[in-house]
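This report refers to the structure that appears directly beneath it.
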Protein chains: 2
Amino acid sequence: MLKLSKKVEYGLIAIRHIASVNNHISTVKEISEKYIIPVDVLAKVMQKLTKGKIIISYQGAMGGYTLARKAEEISVMDVISVIEGTQVGIAQCFSEVPENCSIYTNCTIKNPLGKIQHNLEHVFSSMKVSEII
Amino acid sequence: MLKLSKKVEYGLIAIRHIASVNNHISTVKEISEKYIIPVDVLAKVMQKLTKGKIIISYQGAMGGYTLARKAEEISVMDVISVIEGTQVGIAQCFSEVPENCSIYTNCTIKNPLGKIQHNLEHVFSSMKVSEII
DNA sequence: CTTATATACGCCCTGCGTAGTCCTATTTGA
DNA sequence: TCAAATAGGACTACGCAGGGCGTATATAAG
Ligand code: SF4
Ligand code: SF4
């Protein structure tokens, strides 16, 4: 609970790696071997990051990935939300339509939790990839 | 992912309820009916909160629960860690022995994540139950 | 001393999300 | 044409969240 998924961690490691080699093109194979990450899992993470416009993919031989923008402009929050796909929320009513929660109308803590949610988002958004190199 | 468990939400709702009736004794039945919470689930949550010294239980007829200390002295973090039992950590290496993570030695992001972890703990610790009434 | 009302606590079931493997298609440089 | 890469779907194994049940124990009230 409250734990980041391995996919997110793998994504951060990969992005940090690319940034650390001055944004030179890097392959999944290279990264997965260096950090001992299952290659298929990392591959799909990279695909999501590509779709999320965080990295750029180059197909074919000599292909690989580079960052789509500067490391200072990529936040941990960006990475999480792109990989996770769904809206990141500390509670169901923040990540889906509120009415999905069966006790929404009776819930007395959604407002205070909203405040926490806001603070959480700030923590994740203010940490940029450039700070983790 | 990154979501609070229902148990934690139920615990917070219950504690807030007891605080809102000026710490008068409240029963599981009463709370579960008022907020439409499965009674068995709430019961076990209350038992954990009792063991964690956050609330006090009174057994037998006319029994129930009251807070063990003032609402200003109960943080959301207290509730989470007592209900969750295990150490709350944003990543495996923070909630269990670090060596459990197979890539611990190669991991380049554990330090920055540690900073986030610290900030997170601060967010949860600084929100007290007295603020959610 | 009996009964009704509580908490205490263990077992089990079900669904879903996570992590991972395998396989195939497509792109592209040499 | 071939080899190296990305793209992406199908499938499995496992653990945990959420909840349902059954039973034991404590105690106030009659
Ligand atoms: S409504 Fe209350 S209980 Fe339902 S998800 Fe939001 S916070 Fe949790
Ligand atoms: S070591 Fe790196 S990968 Fe392993 S848990 Fe800690 S942060 Fe995640």
Side-chain angles (χ1 to χ4, degrees), chain A residues 1-11 13-14 18 24-33 35-52 54-66 68 80 83-86 88-89 91-92 95-96 100-103, chain B residues 1-11 13-14 18 24-33 35-52 55-66 68 80 83-86 88 91-92 95-96 100-103:
Chain A
M1 191 212 95
L2 273 184
K3 209 169 294 183
L4 260 46
S5 70
K6 285 289 178 192
K7 291 182 186 178
V8 168
E9 297 192 326
Y10 295 159
I13 290 175
I18 300 174
H24 281 358
I25 196 164
S26 310
T27 69
V28 167
K29 186 163 181 290
E30 170 191 338
I31 298 176
S32 73
E33 284 175 355
Y35 303 100
I36 325 281
I37 298 173
V39 57
D40 310 88
V41 176
L42 180 60
K44 273 195 275 260
V45 167
M46 300 303 267
Q47 287 161 24
K48 284 198 174 178
L49 290 173
T50 304
K51 282 196 169 178
I54 293 181
I55 60 181
I56 297 172
S57 80
Y58 301 91
Q59 296 192 358
M62 300 300 289
Y65 296 95
T66 60
I80 293 176
I83 293 181
E84 226 54 40
T86 62
V88 234
Q92 193 182 20
S95 54
E96 349 178 349
N100 275 12
C101 178
S102 59
I103 66 172
Chain B
M1 190 210 95
L2 272 183
K3 208 170 295 184
L4 258 48
S5 69
K6 284 290 180 194
K7 290 182 188 179
V8 167
E9 297 192 326
Y10 295 158
I13 290 175
I18 300 175
H24 280 359
I25 196 164
S26 309
T27 70
V28 167
K29 187 163 180 288
E30 169 191 338
I31 298 176
S32 74
E33 284 176 354
Y35 302 99
I36 326 282
I37 298 173
V39 57
D40 310 86
V41 177
L42 180 60
K44 271 191 276 248
V45 167
M46 299 304 266
Q47 286 160 24
K48 284 197 175 178
L49 291 174
T50 304
K51 280 195 172 180
I55 60 180
I56 297 172
S57 80
Y58 300 91
Q59 296 195 356
M62 300 300 290
Y65 296 96
T66 61
I80 293 176
I83 292 180
E84 228 53 41
T86 64
V88 250
Q92 193 183 19
S95 53
E96 350 178 345
N100 275 12
C101 177
S102 59
I103 65 173

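Proteins get letters first, then strands, A, B, ... in listed order; numbering begins at 1 in each. Note that this is a predicted model, so its numbers are computed, not measured.
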Practice problem: With heavy atoms under 4.0 Å as the rule, sort K51(B) into base, sugar-phosphate or nothing. | Solution: sugar-phosphate
Exercise. Could you check which of dG20(C), dA8(C), dA7(D) has an atom nearest any side-chain atom of K6(A)?
Key: dG20(C)
Quiz item: Closer to the 5' end of DNA chain D via nearest nucleotide, is it V39(B) or S26(A)?
Solution: S26(A)
Practice problem: Check whether any side-chain heavy atom of E84(B) sits under 4.5 Å from a side-chain heavy atom of S5(B), and report yes or no. | Solution: yes
Quiz item: Between I103(A) and Y35(B), is any pair of side-chain heavy atoms under 4.5 Å apart?
Solution: no
Exercise. Look at all strands and tell whether E84(A) reaches a base, only sugar-phosphate, or nothing, counting heavy atoms closer than 4.0 Å.
Key: sugar-phosphate
Quiz prompt | K7(A) or G60(A), whichever maps to the more 5' nucleotide of DNA chain C | solution = K7(A)
Exercise. Tell me whether the OP1 or OP2 atom of dA6(C) has a side-chain N or O from S57(B) closer than 4.0 Å.
Key: no
Self-check item: Nucleotide dC16(D), atom P - distance to CE of M1(B) in whole Å
Solution: 17 Å
Practice problem: Kindly point out which of dC21(D), dG19(D), dC9(C) is positioned nearest to the side chain of P38(B)? | Solution: dG19(D)
Practice problem: Please state whether the base of dG10(C) and the side chain of K44(B) form at least one donor-acceptor pair under 3.5 Å? | Solution: yes
Quiz item: What's the CD1-P distance between I36(A) and dG20(C), to the nearest Å?
Solution: 13 Å
Quiz item: What integer distance in Å separates L4(B):CG from dG18(D):C1'?
Solution: 15 Å
Exercise. Side-chain contact test, heavy atoms from C-beta onward, threshold under 4.5 Å: evaluate it for Y58(A) versus T66(A) and give yes or no.
Key: yes
Quiz item: Is any side-chain nitrogen or oxygen of Y58(B) closer than 4.0 Å to OP1 or OP2 of dA8(C)?
Solution: no
Exercise. Check whether any side-chain heavy atom of K7(B) sits under 4.5 Å from a side-chain heavy atom of K44(B), and report yes or no.
Key: no
Quiz item: From the list dT7(C), dG18(D), dC22(C), which nucleotide is the closest neighbour of the side chain of D40(A)?
Solution: dC22(C)
Quiz item: Tell me: CD of E30(B) to C1' of dT7(C), nearest whole Å?
Solution: 14 Å
Quiz item: dA5(D) C1' sits how many Å from M46(A) CE, rounded?
Solution: 12 Å
Quiz prompt | Between dA5(D) (C1') and I55(A) (CD1): distance, integer Å | solution = 13 Å
Exercise. Would you classify K48(A) as touching base, sugar-phosphate or nothing, given that sugar-phosphate means primed atoms plus P, OP1 and OP2, and contacts are heavy atoms under 4.0 Å?
Key: nothing
Exercise. Check the distance between dC9(C)'s P and Q59(B)'s CD and give it to me in whole angstrom.
Key: 8 Å
Self-check item: Of the listed nucleotides dA7(D), dT21(C), dA5(D), the one nearest the side chain of T27(A)
Solution: dA5(D)
Exercise. Please tell me which of M62(A) and S5(A) maps to the more 5' nucleotide of DNA chain C, matching each residue to the nucleotide holding its nearest heavy atom.
Key: S5(A)
Exercise. Would you indicate, yes or no, if dT18(C) has its OP1 or OP2 atom less than 4.0 angstrom from a side-chain nitrogen or oxygen of Y10(A)?
Key: no
Quiz item: Can you find a heavy atom in the side chain of M1(B) that is under 4.5 Å from one in the side chain of I83(A)?
Solution: no
Quiz item: In whole Å, what is the span from the CD1 atom of I13(A) to the P atom of dA19(C)?
Solution: 13 Å
Self-check item: Candidates dG20(D), dC9(C), dT5(C) - which lies nearest the side chain of A61(B)
Solution: dT5(C)
Quiz item: What's the shortest heavy-atom distance between V28(B) and M46(B), and which atoms?
Solution: CG2-CG, 4.0 Å
Self-check item: Selection from dT27(D), dA17(D), dG20(C) that lies nearest to any side-chain heavy atom of V41(A)
Solution: dG20(C)
